[in-house]
Q: 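Please see the structure below; I have some questions.
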Protein chains: 2
Amino acid sequence: MKLGRLNHVGVATPSIEASVAHWRDVMGATKIHEPFDLPAQGVKVCFVDTPNAQIELIEPLGADSPIHGFLAKNPLGGQHHICFEVPDIHAARDEFIALGKRVLGEPRIGAHGTLIFFVHPKDMGGMLTEIMETPNGNH
Amino acid sequence: MKLGRLNHVGVATPSIEASVAHWRDVMGATKIHEPFDLPAQGVKVCFVDTPNAQIELIEPLGADSPIHGFLAKNPLGGQHHICFEVPDIHAARDEFIALGKRVLGEPRIGAHGTLIFFVHPKDMGGMLTEIMETPNGNH
């Protein structure tokens with residue numbers, strides 16, 4: 001695998017509404033996308049653009065959301081995962097598995113509409129790592 | 001303030017040597033800079049380039065390093081801070097203070113040789129946030 005673009009930093013938050021106000025009013029973001037639900041991942045999602053990468057705000061959606069545990073430990077939210085692009089998601093998955101990394105489930109459609117998977121943080125220097133197939137066009 | 005480039009994600013590690021092997025052999029990074037000591041911050045630093053942003057690996061330097069606490073809680077390491085560029089560091093500092101954010105110390109020279117400061121994670125949605133003056137030229 002060749003290291004691709006840092007597509008986004010995933011930031012967990014107890015409130016996308018409050019986080020949007022922070023990114024707009026404190027950090028000065030000028031392009032904040034409409035939030036949307038991603039029920040398959042158990043999160044509500046909102047992308048904030050920086051000039052070269054995105055912040056992906058994620059808020060729990062439903063009682064089984066995988067980020068409830070993170071927010072229990074970090075009630076204010078914080079950096080949750082980091083996402084890199086690859087040209088071929090299945091080739092990347094096979095490479096991680098061949099290296100003995102725990103790939104969490106099969107590739108599935110992510111927040112940008114392309115295939116993604118996650119790799120276990122304990123195999124990745126403590127970082128929950130998302131790998132996503134590069135979208136066509138921008139982001 | 002207008003949100004600038006996401007310059008880097010700061011990643012704490014107990015061993016830059018081991019992390020460099022991970023980013024090279026697992027993640028496929030092709031440009032990894034020489035590590036160097038930043039005694040004023042109490043860290044050893046190594047930048048890894050992605051096509052659009054950097055990963056800043058930081059390892060404790062000395063007994064008083066500010067990242068010992070993070071590694072005690074996260075022995076494998078993990079996402080430690082996030083850094084955005086601004087054109088004028090002193091103007092940015094004044095804006096954060098006017099907004100009631102806790103700026104941690106005076107602007108000082110950071111790992112890229114330009115002025116930086118940090119803002120308290122409790123005022124920033126749980127994210128330790130570094131603000132840096134945009135370097136001339138690249139990174």
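Letters go in sequence order (proteins before strands), and every chain restarts at 1. Computed over heavy atoms, backbone and side chain alike; hydrogens, waters and symmetry mates excluded.
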Q: Less than 4.5 Å to any heavy atom of chain A: does that hold for the side chain of B:I55, its backbone, both, or neither?
A: side chain
Q: With a 4.5 angstrom heavy-atom cut-off, could you sort out which part of B:L6 is near chain A: side chain, backbone, both or neither?
A: both
Q: Could you pull out every donor-acceptor pair under 3.5 Å between chain B and chain A?
A:
| residue | atom | partner | partner atom | Å |
| --- | --- | --- | --- | --- |
| B:L3 | N | A:M27 | O | 3.2 |
| B:L3 | N | A:G28 | O | 3.0 |
| B:L6 | N | A:N52 | OD1 | 2.8 |
| B:L6 | O | A:N52 | ND2 | 3.0 |
| B:M27 | O | A:L3 | N | 3.2 |
| B:G28 | O | A:L3 | N | 2.9 |
| B:N52 | O | A:N52 | ND2 | 2.8 |
| B:N52 | OD1 | A:L6 | N | 2.8 |
| B:N52 | ND2 | A:L6 | O | 3.0 |
| B:N52 | ND2 | A:N52 | O | 2.8 |
| B:G78 | N | A:G125 | O | 3.4 |
| B:Q79 | NE2 | A:Q79 | OE1 | 2.6 |
| B:H81 | O | A:Q79 | NE2 | 3.1 |
| B:G125 | O | A:G78 | N | 3.4 |

Q: Side chain from CB out, backbone as N, CA, C, O: work out which of these in A:V86 comes under 4.5 Å of a heavy atom of chain B, or both, or neither.
A: neither
Q: Among A:A18, A:P51, A:G78, which has the most heavy-atom pairs under 4.5 Å with chain B?
A: A:P51
Q: Do you reckon B:M127 sits in the same ILVMFWY cluster as B:F117, going by side-chain contacts under 4.5 Å, direct or chained?
A: yes
Q: Under a single-linkage definition using a 4.5 Å side-chain heavy-atom cutoff for Ile, Leu, Val, Met, Phe, Trp and Tyr, are A:L115 and A:F84 assigned to the same hydrophobic cluster?
A: yes
Q: Between B:V119 and chain A, with a heavy-atom cut-off of 4.5 Å, which part of the residue counts as in contact: side chain, backbone, both or neither?
A: neither
Q: Please determine whether residues B:I32 and B:L57 belong to a single hydrophobic cluster, defined as Ile, Leu, Val, Met, Phe, Trp and Tyr linked transitively by side-chain heavy-atom distances below 4.5 Å.
A: yes
Q: Could you check which of A:V11, A:V48, A:V26 has the highest count of heavy-atom pairs closer than 4.5 Å to chain B?
A: A:V26
Q: Do B:L38 and B:L61 share a hydrophobic cluster, counting only Ile, Leu, Val, Met, Phe, Trp and Tyr and linking them when any side-chain heavy atoms are less than 4.5 Å apart?
A: no
Q: As an exercise: rank A:L128, A:V9, A:L76, A:I131 by heavy-atom pairs under 4.5 Å with chain B and give me the winner.
A: A:L76
Q: According to a hydrophobic-cluster definition based on side-chain heavy atoms being under 4.5 Å apart (Ile, Leu, Val, Met, Phe, Trp, Tyr only), do B:I82 and B:F96 belong together?
A: yes
